Amino acid sequence: MKKNIIAMNASIMIGLGSILAAPSVYAESISDLEKQKESIQEKRSGVESNISDTEKKIDSLQDKQMTAEDQIAAIEAKIAESAKKIDAKNAEITQTKKEIEALKEEIKVLKERIAKRNEVLKERALSFQETGGDVNYLEVLFGSSSFGDLVDRVGAVATIAEADRDILKQHELDKKDLEEKQKAVETKLASLEVAKAELLEIQKQQKQQKQEKDALVKKLKQQTEKHEHEKMGLEEEKANLSAQEKAIKSAISLEHQRLAELEAARKKAAAEAKKRAEQEAAQAAAQAASQAASQASESKKQSTSSGYSAKSNNSSSSSPASSNVSQAPAVSSGTFTRPSAGYVSSTMGERWNKQHAGIDIAASGTVPIVAAADGVVSRSYFSSSYGNVIFVTHSIGGQQWTTVYAHLSSRQASEGAVVAKGQQIGIMGNTGHSYGQHLHFELHKGPWNYSKSNAVNPLNYIPN
């Protein structure tokens, strides 16, 4: 009984038919399994290399991010320093404007003083020319009545002329001082305004640099998150490849065991056939020797035949009972059978701006999930996206296939378990990234990978 179950499991695992098939077929299957194992090992090595490359990219991005953040800190310090300088210039400009206001008062006084001098000059010497000309004093002198009066008038004219020259000189000095003060203050104010404008431009450039660095840091963070997500996917792919490699090794081991048992059964059958031939030869010789011996031999032969028939009947009754598949869809005759009852609520293709790599089958109540084909459970675990999920590796006609059963409420098959086509492995559920009870079913021609490049449309392989 135990040997029959092992042989049946080995046949289930590689999907090659009855355990009585020719040994050469199974030897070829072992060769195929070995090739698949080597292929998985190569892919796993490639994934490990990709993980290493991704980790280097993440480290490089993080170094760039730290450098950019240090540069941002330096720019912020420069912006703060520029702000202090701008505040200082604003204070100087404010003070200079106050000086200008005070100067305006002085200018007002000077203008009033100049205006008064102009009036005095006009009154005392109507012929005085502000352009620098001389006053005509001849009429004053010729109008004298005597020599003494002339002397007096000459002295008075000289005194007046001297006073006029002093007034004009002071007048020119005041005007020059006024012009110089105005020019100095205006120059200072213009210089401060230029310095302030330069500082504002520097600050503007610094802020622009900070914005660029902020954008760079944001971009680097996004790239880092992207590569970290890719790394997680690659690590998931590595774990699946390792599990598939383990399943293939288990399949090879069970196949070798099955072949050894087949060879032992063949030798045993040959020995029994030889023994029966010898018995039949002895019986024939005895029959030729005597009628009585012939009758005894005939009686014995009938007894032996009856015993052998009973033994054969007992052997055939030792077949294992089939598993209970109530409420599950009927097992189809094709390569793959439908994994659960229900209706297809979502097909393979683009969905929500992402690739939906399988189909969704929805149904209410307690719905059993069955293996779509004979195979070995390579993974059985809880995933944040898939929820309760089972991966089954199949080897069919030398081709490796992988089926995925996601969002289960419970799993009834553990890693390394050999499952038959139509055998229940779980219950439909709503775990992981799921909205409503359904089975997410994927079919991959080859091993499962993060990019799901081997995914094919299940509706092309299972009954609708």
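The analysis underlying the following values was restricted to heavy atoms, covering all of them including side chains, and did not include hydrogens, waters or symmetry mates. All of these numbers come straight from a predicted model, not from anything done at the bench.
Summarising the geometry, atom NZ belonging to K196 is positioned 9.5 Å from atom CG belonging to D87; distances are rounded to the nearest 0.5 Å. Within the model, atoms CD of E81 and CD1 of I86 stand 10.5 Å from one another, a figure rounded to the nearest 0.5 Å. Put simply, CG on L199 and OG on S82 are 6.5 Å apart, with the number rounded to the nearest 0.5 Å. With rounding to the nearest 0.5 Å, the separation of CD1 in I359 from CG in L459 is 4.5 Å. Q65 CD to D70 CG: the interatomic distance, rounded to the nearest 0.5 Å, is 11.0 Å. Here the straight-line distance linking atom CD1 of I425 with atom OG of S414 works out to 11.5 Å at 0.5 Å rounding.
F441 and Y405 have tilted rings, their planes meeting at an angle from 30° to 60° on a 0 to 90° scale. Classification of the H407-H438 ring pair by plane angle, with boundaries at 30° and 60°, yields tilted. Taking the six-membered ring where the residue is Trp, H356 and H440 present tilted rings, their angle falling between 30° and 60°.
Between the side chain of T337 and the backbone N or O of S332, at least one donor-acceptor pair lies under 3.5 Å. For the pair N430 (side chain) and G436 (backbone), a donor-acceptor distance under 3.5 Å is present. Counting only distance, with no hydrogens or angles, the side chain of R338 and the backbone of S340 share a donor-acceptor pair below 3.5 Å. T224 places a side-chain N or O within 3.5 Å of a backbone atom of L220 that can act as its donor or acceptor partner.
If you check the side chains of E350 and Q355, you find no donor sitting under 3.5 Å from an acceptor. S453 and N449 share a side-chain donor-acceptor pair at under 3.5 Å.
For the pair A341 and A363, the tightest heavy-atom approach, listed with the atom from each and the gap, is O-CB, 3.9 Å. Between A373 and I396, the closest heavy-atom pair is CB-CD1, 4.3 Å. Of all heavy-atom pairs between A420 and A371, the closest is O-CB, 3.5 Å. Residues A357 and A455 come closest through the heavy atom pair O-CB, 3.8 Å. Heavy-atom minimum distance, R411 versus N388: NE-OD1, 3.0 Å. Nearest heavy-atom pair across T402 and P447 is OG1-CA, 3.6 Å.
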TODO: Take L408 and V389 through the test side-chain contact (heavy atoms from CB on, under 4.5 Å) and record every step on the way to the result.
DONE: CA-CA 6 Å; L408 307 180; V389 62; over 6 Å; no

Task: side-chain contact (heavy atoms from CB on, under 4.5 Å) assessment of D374 paired with V419 - done: CA-CA 6 Å; D374 304 339; V419 294; over 6 Å; no

Task: T67 vs D63, side chain to side chain donor-acceptor pair (under 3.5 Å): CA-CA, chis, key distance, verdict - done: CA-CA 6 Å; T67 301; D63 289 341; over 6 Å; no

Open item on the list: Walk me through whether F391 and T403 qualify under side-chain contact (heavy atoms from CB on, under 4.5 Å).
Closed with: CA-CA 6 Å; F391 288 71; T403 50; over 6 Å; no

- [ ] Please step through side-chain contact (heavy atoms from CB on, under 4.5 Å) for the pair I427 and T366, ending with a clear verdict.
- [x] CA-CA 7 Å; I427 301 293; T366 302; 4.0 Å; yes

TODO: Please lay out, stage by stage, how K213 and Q71 fare under the test side chain to side chain donor-acceptor pair (under 3.5 Å).
DONE: CA-CA 8 Å; K213 294 297 180 182; Q71 291 173 344; 2.6 Å; yes

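For the pair V367 and L439, the minimum side-chain heavy-atom distance is 4.5 Å or more. Between P458 and E442, the closest side-chain pair of non-hydrogen atoms is not below 4.5 Å. Looking only at side-chain heavy atoms (C-beta outward), K56 and D59 stay at 4.5 Å or farther from each other. At least one side-chain heavy atom of K207 sits less than 4.5 Å from a side-chain heavy atom of I79. At least one side-chain heavy atom of Q424 sits less than 4.5 Å from a side-chain heavy atom of Q412. A 4.5 Å side-chain heavy-atom check between L443 and W401 finds at least one atom pair inside the cut-off. Taking the side chain as every heavy atom from C-beta outward, K221 and L61 never approach each other to under 4.5 Å. At a threshold of 4.5 Å between non-hydrogen side-chain atoms, the residues E235 and I51 count as touching.
Scanning for ring-ring contact (aromatic ring centres under 6.0 Å, His included) contacts around H227 gives an empty result, with sequence neighbours left out. Here E212 pairs with Q208 under the side chain to side chain contact (heavy atoms under 4.5 Å, CB included) rule; sequence neighbours left out. Residues passing the ring-ring contact (aromatic ring centres under 6.0 Å, His included) test with Y343, sequence neighbours excluded: none. Every residue meeting the side chain to side chain contact (heavy atoms under 4.5 Å, CB included) condition with K219, not counting sequence neighbours, appears here in chain and number order: Q223. Under the side chain to side chain contact (heavy atoms under 4.5 Å, CB included) criterion, S45 pairs with no residue at all, not counting sequence neighbours. Listed by chain and residue number, nothing satisfies the side chain to side chain contact (heavy atoms under 4.5 Å, CB included) test with E42 (two or more places apart in sequence, or in another chain).
Counting heavy-atom neighbours within 6.0 Å of K452 NZ, excluding the residue itself, gives a total above 12.
Taking a cutoff of 4.0 Å between a charged side-chain nitrogen and a carboxylate oxygen, K210 and D214 qualify as a salt bridge.
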